[in-house]
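Before anything else, here's the structure in question.
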Amino acid sequence: MQSALRCGVSGWSHPDWNSVIYPPVKPRGFHSLEYLAQHLDLVEIDASFHRPLRPELSRLWIGKVSQHPGFLFSAVLGRQFTHDRSLEPAVVREFKEGLWPLKNAGKLGCLLMRFPWSFKFTKANRDFVVELRRAFHEFPLAAEMRHASWTLDEALGTLMDYRIGFCNLDQPCGLRATPPDAIITSPVGYVRLLGRKGEDWTQDEAAADYLYTPQELGQWQGRIERLRIHTTSTFVVAANHPGGKAVVNALQLNAMLRETTSPLRRRVTAMPPRRERGTSFSLSFAS
């Protein structure tokens, strides 16, 4: 049985989406989130990475998507936890306060812990991830691990033991960069497309200015299908936001994944692999 699949984008308040994704002349009462919810069923809240959400703002967003009962949010855990490593109870409590309205309304699908490439798999870092899981035990969690050491069996075992989903990434090649995959470590499946521009994959903004071709998106079909078969929820997020490219690719991928005649619908093996073997990482796209 396939899990619920949602495709969407990271953030919605990108200034360069005006007149590209959003109309140049906006009607009275226009709200960009409400507009996106007409076309996509998932938005990843990226603002929470920089500062805690205000509960009243979360309630406003819930109202903006109320006409779309299948729509969900995911949210990025604040950098004060994943980068600055703060676990002060007051800081944790403040961050949760902004999430409670979303969770209580059934609109928060997952909380994503986004770690930097420098966060390698070590005993100290493993223990810190476990502490984070305990601090945010009320929420479904996924972890974006950009360093390939987190694909080792011991690292994946830790994520499985603590029911933390593995965020499968599409990012530029680089030294010890996590390759594209279909790793499953919890009931939550998560995929993020970060873009592939440039040789220096550590430069997020440069890499994100990239439009995936249909052929490149097609390379993710089989992986996403594996996630859907063996998870209860699957979230696919396009994070290549410059120029609205994320919206284009999210709509394309959504259509590909829901096409009943797609090769995506072929039967897959009953037991999921922990990871793909011999995955190729060469990509290109044409519309």
Problem - Qualifying residues under side chain to side chain contact (heavy atoms under 4.5 Å, CB included), relative to S66, sequence neighbours excluded - result: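 With sequence neighbours excluded, S66 shows a side chain to side chain contact (heavy atoms under 4.5 Å, CB included) to no residue whatsoever.
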Practice task
Spell out, as yes or no, whether a donor-acceptor pair under 3.5 Å connects the side chain of D170 to the backbone of P180.
Solution key: no
Handout entry: Value rounded to 0.5 Å, distance of CD in E225 from OG1 in T234
Key =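 E225 CD to T234 OG1: 9.0 Å, rounded to 0.5 Å.
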Exercise for the section: Look at the aromatic rings of Y35 and F30 and report parallel, tilted or perpendicular, splitting at 30° and 60°. Expected result: tilted
Fill in the blank from the handout: Hits for salt bridge (Lys or Arg N to Asp or Glu O under 4.0 Å) against E44, two or more places apart or cross-chain, chain-then-number order -> R192
Exercise for the section: Drop me the distance from T185's OG1 to L159's CG, to the nearest 0.5 angstrom. Expected result: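 One gets 5.0 Å once the value is rounded to the nearest 0.5 Å.
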Handout entry: Closest non-hydrogen atom pair between E216 and Y210, with its separation
Key =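 What the structure gives for the nearest pair is OE2-OH, 2.6 Å.
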Exercise for the section: Identify the two heavy atoms, one from I184 and one from L227, that lie closest to each other, and give their separation to 0.1 Å. Expected result: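 Nearest heavy atoms, I184 then L227: CG1-CD2, 3.4 Å.
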Handout entry: Side-chain donor or acceptor of K120 paired with backbone N/O of H147 under 3.5 Å
Key =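 No, the answer is negative, given that no donor and acceptor are paired below the 3.5 Å cut-off.
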Practice task
Go through the steps to decide whether N249 and N240 satisfy the test side chain to side chain contact (heavy atoms under 4.5 Å, CB included), and finish with yes or no.
Solution key: CA-CA 9 Å; N249 284 153; N240 52 329; 2.9 Å; yes
Practice task
Kindly give the heavy-atom pair with the smallest separation between V65 and L33, and that separation in Å.
Solution key: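 Of all heavy-atom pairs spanning V65 and L33, the closest is CG1-CG, 3.9 Å.
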Practice task
Report the residue from F128, F49, F136 that forms a ring-ring contact (aromatic ring centres under 6.0 Å, His included) with F81.
Solution key: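 Exactly one candidate clears the test, F136.
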Practice task
Say whether, by atom type as modelled, one donor and one acceptor occur between the side chain of K245 and the main chain of P242 under 3.5 angstrom.
Solution key: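 Yes, the answer is positive, given that a donor and an acceptor are paired below the 3.5 Å cut-off.
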Exercise for the section: Using modelled atom types only, decide if a donor and an acceptor are shared between the side chain of R223 and the backbone of Q219 within a distance under 3.5 Å. Expected result: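 Present.
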Practice task
Return yes if some donor-acceptor pair links the side-chain N/O of H68 with the main-chain N/O of K64 below 3.5 Å, else return no.
Solution key: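 Answer holds: no.
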Exercise for the section: For the pair R258 (side chain) and L5 (backbone), establish whether a donor and an acceptor sit closer than 3.5 Å, ignoring hydrogens and angles. Expected result: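 Side chain of R258 to backbone of L5: a pair is present.
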Completion exercise
Nearest heavy-atom contact between I183 and L156 is CG2-CD2, 3.7 Å
Handout entry: From L141 atom CG to L77 atom CG, the distance as rounded to the nearest 0.5 Å
Key =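 If I round to the nearest 0.5 Å, the distance is 7.5 Å.
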Practice task
Any side-chain hydrogen bond (donor to acceptor under 3.5 Å, both in side chains) involving residues 17-31? Give me the pairs, sequence neighbours left out, ordered by first then second residue.
Solution key: N18-K26
Practice task
Applying salt bridge (Lys or Arg N to Asp or Glu O under 4.0 Å), name anything that partners E138, two or more places apart in sequence or on another chain.
Solution key: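 With sequence neighbours excluded, E138 shows a salt bridge (Lys or Arg N to Asp or Glu O under 4.0 Å) to K96, given in chain and number order.
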Exercise for the section: Would you tell me whether R163 and S186 have side-chain atoms, one donor and one acceptor, within less than 3.5 Å of each other? Expected result: no
Exercise for the section: Return the orientation label for the F235 and Y190 ring planes: parallel under 30°, perpendicular over 60°, tilted otherwise. Expected result: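 Taking Y190 first and then F235, their aromatic rings sit tilted (interplane angle of 30° to 60°).
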Practice task
Start with the C-alpha gap between L132 and M113, add the side-chain angles, then the distance that decides, and say whether side chain to side chain contact (heavy atoms under 4.5 Å, CB included) holds.
Solution key: CA-CA 9 Å; L132 269 180; M113 302 184 293; 3.8 Å; yes
Problem - Side-chain heavy-atom pair Q80, F95 within 4.5 angstrom cut-off - result: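 In contact.
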Exercise for the section: May I ask you to check if R146 and F119 form a cation-pi contact, with NZ or CZ under 6.0 angstrom from the six-membered ring centre and within 45° of the axis? Expected result: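 No; the conditions do not both hold, so R146 does not lie above the ring face of F119.
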Problem - Set of residues satisfying side chain to side chain contact (heavy atoms under 4.5 Å, CB included) with respect to E94, sequence neighbours excluded - result: P52
Handout entry: Nearest-0.5 Å distance, OG1 of residue T178 to CH2 of residue W150
Key = 10.5 Å
Problem - Shared hydrophobic cluster, L169 / V237 (ILVMFWY, side-chain heavy atoms < 4.5 Å) - result: no
Exercise for the section: With sequence neighbours left out, write down each residue that passes side chain to side chain donor-acceptor pair (under 3.5 Å) with S58, or none if nothing qualifies. Expected result: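 Here no residue qualifies.
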Practice task
Taking all non-hydrogen atoms of both residues into account, name the closest pair between I21 and L36 and its distance.
Solution key: CG2-CD2, 4.3 Å
Exercise for the section: Rounded to the nearest 0.5 Å, what's the gap from CD on E144 to CG on L112? Could you check? Expected result: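 One gets 5.5 Å once the value is rounded to the nearest 0.5 Å.
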Handout entry: pair F121-M145: side-chain heavy atoms closer than 4.5 Å
Key =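 A side-chain contact is absent here, since even the closest heavy-atom pair is not under 4.5 Å.
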Practice task
Report yes or no: do F71 and V9 belong to one cluster of Ile/Leu/Val/Met/Phe/Trp/Tyr joined by side chain heavy-atom distances under 4.5 Å?
Solution key: yes
Handout entry: Cluster check I224, M256: I/L/V/M/F/W/Y, side chain < 4.5 angstrom
Key =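 Cluster IDs for I224 and M256 match.
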Handout entry: Heavy-atom check, side chain of P101 versus side chain of I62, under 4.5 Å
Key = yes
Problem - same_hphob_cluster(V191, L42) at 4.5 Å side-chain heavy-atom cutoff - result: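 No, no single cluster joins them.
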Handout entry: Rounded distance (nearest 0.5 Å) linking atom OG1 of T151 with atom CZ of F166
Key =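 CZ of F166 is found 6.5 Å from OG1 of T151.
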Exercise for the section: Among L102, L99, V76, find the residue that satisfies the side-chain contact (heavy atoms from CB on, under 4.5 Å) test when tested with I45. Expected result: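 When side-chain contact (heavy atoms from CB on, under 4.5 Å) is applied between I45 and each of L102, L99, V76, only L102 qualifies.
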Problem - Closest non-hydrogen atom pair, S10 against D46 - result: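 Looking at all heavy atoms of both residues, the closest pair is OG-CB, 3.7 Å.
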Handout entry: Backbone N/O of R114 and side chain of R79: donor-acceptor pair under 3.5 Å
Key =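 No; judged by distance alone, with no hydrogens or angles, the pair does not exist.
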Handout entry: R85-N125 side chain donor-acceptor pair, cut-off 3.5 Å
Key = yes
Exercise for the section: Decide yes or no for W220 and L193: does some side-chain heavy atom of the first lie under 4.5 Å from some side-chain heavy atom of the second? Expected result: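 Contact flag for W220/L193 side chains = yes.
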Practice task
Output yes when a side-chain donor or acceptor of N254 lies under 3.5 Å from a complementary backbone atom of A250, and no otherwise.
Solution key: no
Handout entry: R59 side chain near E56 side chain, heavy-atom distance below 4.5 Å
Key = yes
Exercise for the section: Considering only NZ, NE, NH1 and NH2 on the basic side and carboxylate oxygens on the acidic side, decide whether K197 and D209 come within less than 4.0 Å. Expected result: yes
Exercise for the section: Look at the side-chain heavy atoms of Ile, Leu, Val, Met, Phe, Trp and Tyr, link any pair under 4.5 Å apart, and say whether M160 and V188 land in one connected group. Expected result: no
